[in-house]
Amino acid sequence: TQLLEQSPQFLSIQEGENLTVYCNSSSVFSSLQWYRQEPGEGPVLLVTVVTGGEVKKLKRLTFQFGDARKDSSLHITAAQPGDTGLYLCAGGSNYKLTFGKGTLLTVNP
Amino acid sequence: NAGVTQTPKFQVLKTGQSMTLQCAQDMNHNSMYWYRQDPGMGLRLIYYSASEGTTDKGEVPNGYNVSRLNKREFSLRLESAAPSQTSVYFCASRPTGPGEKLFFGSGTQLSVL
């Protein structure tokens, strides 16, 4: 089983601050995905990164895939209360996706 | 757009009771999945079905069985529920191909007393 470790597990910040969360593995992944989950709902895909070194931007969110395709990071600029949620990274084969344990982000007004 | 529909949304069982969680998707996806989510544990794969007619074990299959009834439906059965199976269960579907995203249902919150 390919393991994905996410850090930090919990993060509580004030509105307007920047933050970075990490997703690390000893395994190489063909692609990594980031999902966001709100209470009472299933996770929703934010982005898929495929190429080593790739950087993708989604408004205030910047996703990076490590050169060796073993790790990824999510950076949020000027966090807003609407960014509050559980951020999960996922990777794996065509059929099996393994999830990290997630980073629970709280952005306080 | 229904997407992935799970029923029931909430369920309380006594230890030893059985039940089936239902899942249906209307996106013509080949692959379907059952995950469980526990506090601090993220999402753990129970079983998956890469295509109609096939099922395979995930990370935590013990105590569960699945049936891929047709392309649309994938059910999860607890034959003899245990308190350790108290969790939130998510069904998901996915088109075939690398990098394709999972589409999740809204979950079933199950408590086993």
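Below, read A as the first sequence line, B as the second, and so on, with proteins coming before strands; counting in each chain starts at 1. This structure is a prediction, so every number in the text was calculated from the model and none was measured.
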Would a 4.5 Å heavy-atom cut-off, applied to side chains only, mark Gln37(A) and Phe90(B) as touching?
-> yes
So which part of Tyr35(B) gets closer than 4.5 Å to some heavy atom of chain A, the side chain, the backbone, both or neither?
-> side chain
Joint cluster assignment, Val66(B) & Met32(B), ILVMFWY side-chain distance < 4.5 Å | yes
Counting heavy-atom pairs under 4.5 Å with chain A, the top scorer among Met41(B), Gln109(B), Lys9(B), Arg44(B) is Met41(B)
Interatomic distance, CG@Leu102(B) vs OH@Tyr35(A), rounded to 0.5 Å, equals 4.0 Å
Would you indicate whether Glu5(A), at its atom CD, is surrounded by more than 12 heavy atoms from other residues, nucleotides or ligands within a distance under 6.0 Å?
-> no
Under a single-linkage definition using a 4.5 Å side-chain heavy-atom cutoff for Ile, Leu, Val, Met, Phe, Trp and Tyr, are Tyr89(B) and Phe103(B) assigned to the same hydrophobic cluster?
-> no
Heavy-atom pair of closest approach, residues Gln33(A) and Glu100(B) = NE2-O, 3.1 Å
Report yes or no: do Phe99(A) and Tyr22(A) belong to one cluster of Ile/Leu/Val/Met/Phe/Trp/Tyr joined by side chain heavy-atom distances under 4.5 Å?
-> no
Answer yes if Val88(B) and Leu104(A) sit in the same cluster of Ile, Leu, Val, Met, Phe, Trp and Tyr residues linked by side chain heavy atoms under 4.5 Å apart, and no otherwise.
-> yes
To the nearest 0.5 Å, what is the distance between CG (Leu97(A)) and OH (Tyr33(B))?
-> 6.0 Å
Select, from Ser106(B), Gly107(B), Gly58(B), the one with the greatest count of heavy-atom pairs under 4.5 Å involving chain A.
-> Ser106(B)
Atom pair CD (Gln37(B)) and CG (Leu86(A)), whose distance is rounded to the nearest 0.5 Å | 6.5 Å
Proximity breakdown for Leu45(B) and chain A, heavy-atom pairs closer than 4.5 Å = side chain
Turns out that what part of Glu41(A) lies under 4.5 Å from chain B's heavy atoms comes down to both
Are Phe104(B) and Phe74(B) connected in the hydrophobic side-chain network, where two residues link if heavy atoms are under 4.5 Å apart?
-> no
